[in-house]
Amino acid sequence: MSCHSPIDGSRIAVIAACGPEDVEEAVAVARRAFESGIWRNLPPSERKLRLMAFAEEIESRSEELSRLETLDMGKPIRNVRAVDLPETVKTFRYYAEALDKIYDEIGSSPADAVSMIVREPLGVVAAITPWNYPLMLAAWKIAPALAAGNSVILKPAEQASLTALWLGELAALAGIPDGVFGVLPGDGEVVGKALCLHDDVDGVAFTGSTTVGKQVMGYAGQSNLKRVALECGGKSPQIIFADCLDLDAAAEAAAWGFLYDQGQNCTAGSRLLVEETISEDFLAQVASIVAGIAPGNPLDEDTVFGAIVDAEQMNTILDYVDAGEQEGAVTVSRGGRALAETGGYYLEPTVFGGVDPSMTIAREEIFGPVLSTFTFRNFDEAMKLANDSAYGLAAGVWTRDIDKAHRAVRTVRAGTVWLNCWDESDITTPFGGFKQSGIGRDRSLHAFDKYTELKTVWLALGSPA
Ligand code: NAD
C-alpha cells in the first residue's frame, strides 16, 4: 500500500496491506495472549507501570511522531504539537493511573448471601480508527482497552497509518507482552470488515463515518453479536443569540469551529445559527476572519490551515460547494483549490449564508472547510434548527442569559454542549454522540464500559460450623 503526503502528493512510504490471512493470524495471536493471562492477570500495579512506560515511549518521540503525522495527513504541525501528541500521552497516563484505583462493587444482598458485581475484560478488541486524528483517537481506544486487560488489534485508516504502525513498536519497547497489542494496516473493506465479522473478536471500537458505522453494526449481527461502540459523524450547530456577552469571541469560535484542521473534524461547527437581529454584522465578522486564512505548508510552524488529506476528500468537498451554490445558498466566500503547483491538496474555506435546512449542505457531513449559516428569530426556532439533523455529536450555545443557556442544554440532543466556548474538553470528560453520531463514549472513566463485561457473583452463605 503506497502512502502519499497531502503536502505535495509525493510517495512517502510503502506499507503492507494486510489480508484475510493476516487478520486470522492477528486474532489468533491476540486470543492466545488473552487466554494465557499474560496481560490481564498481571497485578494492576504492573499493568499500570507498563502503560506509563508506553506513554513515556510516545512522549520521548513526540517531535518525530508529530512530523510524521503532519507529513502523512496534512494537519498543521503546530496543532499536532499542541493537541494530538500531548493528548495521546495524557490519555495513556490517565488510564494507566485509573486502572488500579477502580473498585468492583458489593451489592445490597440479604444476610445469607454476598453479591459482587465485578468487571472483566471483553477479550479481543478491534479498534478501527479514522485518519483525522490518527494517534489521538487510537489512544482513546487502545489505552482504556489495554488498561482493562484486553488484547487489542488496531486497524488504522488507509490514508494515515504511519504513526499507528510506530505505536506497535513502542508498545513492545514499553513491555506490553507479545500478542497483546498489534497493528493491522490495510483496506477497511478487507481488514476492518474481516475483524468485525470475526467470531473470535469480542468487541469493536470504531471511529469513522456513520455509513461505515452502520455496516460495522451489521457485521456484528451477522457474526457473534460482538460488542460494538461507534464514534461517528457530526453536523454540529453553533448557536449565537443576540445577547451573547462577547460577540468577538463567538465570531472567532464560529470561524475556527469549522476551520480547525481544515474542517476535517468530527465536531466541526459546520452549522452556524445566528439570531436574525445580529446576523448580518456577525456573518460579516466571521467572513472577515475567514478571509485572513490561507492554506500553507503544514510543516511550516506558522501555518494554521494545512492540507486536505487526499485528492478524493478534496474533490468531495468541492462537490459540496457546488451543491450549495446550485441549491441556492448565498455564497459569502467561495473557496477553490489553492497551491495546486505544489502537487498537494489545499482548499480555501467557503462560507455560505441563507442556508435552508432542506439543502444538502445543511444535512450532510462535509468534513471540510465549509460553513453553512442559518438565521433564527427566537429560542424555539433555534432549538428546532439545532436538532434538525441526523447527527448529535456536539453543539455550542452563546448567550449571557443563564436560564436560556440551561434550557438550551436540556433541549439540544448532542453528546457535548459548549456554553460560551467551543471545542473545550479534556480526557476527564466523556466524548461521543447522540443519534447517528454514535453509541458509547470515549474518554473519562466511562470509556471502561466499552471494554469490560459486568459479571454478577452471588455467594450463598452457609451456617457457621
Ligand atoms: P471511514 O468511515 O471511511 O473509515 C474509518 C475506518 O473504518 C478506517 O480505518 C477504514 O479503513 C475503516 N473501514 C472502512 N470500511 C470499512 C468496513 N466496511 N468495515 C470495517 N471498517 C471499515 O471514516 P474516515 O473517512 O476515515 O473518517 C472520517 C469520519 O470519521 C467522519 O465521518 C468523522 O465525523 C468521523 N469521526 C468521528 C469522530 C468521533 O469521535 N465521533 C472522530 C473523528 C472522526
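As a basis for the values below, the full set of heavy atoms in this structure was taken, side chains included, without hydrogen atoms, waters or symmetry mates. Ligands are counted one by one from 1 in listed order, and the atoms in each one are counted from 1 as well.
Of the candidates A160, S437, P130, the one placing a heavy atom closest to atom 27 (O) of ligand 1 is P130. Taking each of G188, P185, G192, G233 in turn, the one with a heavy atom nearest to atom 17 (C) of ligand 1 proves to be G188. Closest heavy-atom approach to atom 5 (C) of ligand 1 within the set V191, L195, T207, I128: this belongs to T207.
Looking at atom 31 (C) of ligand 1, its nearest protein heavy atom turns out to be E365 OE1, 3.4 Å. Looking only at protein heavy atoms, the nearest one to atom 33 (C) of ligand 1 is F367 CE1, 3.2 Å. Annotation: atom 24 (P) of ligand 1 to nearest protein heavy atom, W131 NE1, 3.4 Å. Among protein heavy atoms, atom 40 (O) of ligand 1 sits closest to F431 CE2, 3.1 Å. In terms of protein heavy-atom proximity, atom 23 (O) of ligand 1 is closest to S209 N, 3.4 Å. With respect to atom 10 (C) of ligand 1, the closest heavy atom belonging to the protein is E158 OE1, 3.5 Å. Taking atom 35 (C) of ligand 1 as the reference point, the nearest protein heavy-atom neighbour is G208 O, 3.2 Å. Looking at atom 36 (N) of ligand 1, its nearest protein heavy atom turns out to be C266 CB, 3.6 Å.
If you look at T129 next to ligand 1, the close heavy atoms, those under 4.0 Å, all belong to the backbone. Under 4.0 angstrom from ligand 1, the non-hydrogen atoms of F206 all belong to its side chain. At a heavy-atom cutoff of 4.0 Å, ligand 1 is contacted by the side chain of Q215 but not by its backbone. If you look at V212 next to ligand 1, the close heavy atoms, those under 4.0 Å, all belong to the side chain. The residue N265 has no part lying near ligand 1, judged by heavy-atom distances below 4.0 Å. At a heavy-atom distance under 4.0 Å, only side-chain atoms of N132, from C-beta outward, approach ligand 1.
Listed by first and then second residue, the salt bridge (Lys or Arg N to Asp or Glu O under 4.0 Å) pairs that reach into residues 142-169 are K155-E158, sequence neighbours excluded. Within the structure, the salt bridge (Lys or Arg N to Asp or Glu O under 4.0 Å) test picks out no pair touching residues 339-354 (sequence neighbours left out).
Residue-ligand proximity: P156 is placed with a non-hydrogen atom under 4.0 Å from ligand 1. Within the 4.0 Å heavy-atom shell around ligand 1 one finds C232. Residue W140 places every heavy atom at 4.0 Å or more from ligand 1.
Side-chain contact check for C196 versus K193: every heavy-atom pair is 4.5 Å or farther apart. Counting heavy atoms from C-beta on, the side chains of E97 and K48 come closer than 4.5 Å. The side-chain heavy atoms of M217 and I439, taken from C-beta on, include a pair separated by under 4.5 Å. Side-chain atoms of W131 and Q313, non-hydrogen and from C-beta on, do get closer than 4.5 Å to each other. Between F206 and T129, the closest side-chain pair of non-hydrogen atoms is not below 4.5 Å. L85 places a side-chain heavy atom less than 4.5 Å from the side chain of I58. No side-chain heavy atom of L454 sits less than 4.5 Å from a side-chain heavy atom of E120. Contact of the F54 side chain with the L146 side chain is registered, since non-hydrogen atoms from C-beta on lie closer than 4.5 Å.
The nearest protein heavy atom to atom 7 (O) of ligand 1 is closer than 4.0 Å.
With ring centers used as reference points, W140 lies under 6.0 Å from F431.
Partner of K75 under the side-chain hydrogen bond (donor to acceptor under 3.5 Å, both in side chains) criterion, chosen from N132, T70, D261: D261. A side-chain contact (heavy atoms from CB on, under 4.5 Å) with P369 is found for exactly one of I308, N265, T350, namely I308. Checked options T267, V83, V304; the residue passing with Y260 is V83 (criterion: side-chain contact (heavy atoms from CB on, under 4.5 Å)).
Set against the non-hydrogen atoms of L393, the atoms of ligand 1 under 4.0 Å away are 41 (N). If you number the atoms of ligand 1 from 1 as listed, the ones under 4.0 Å from a heavy atom of L137 come out as 42 (C), 43 (C).
Of the N or O atoms in Q159, none lie within a sub-3.5 Å distance of an N or O in ligand 1.
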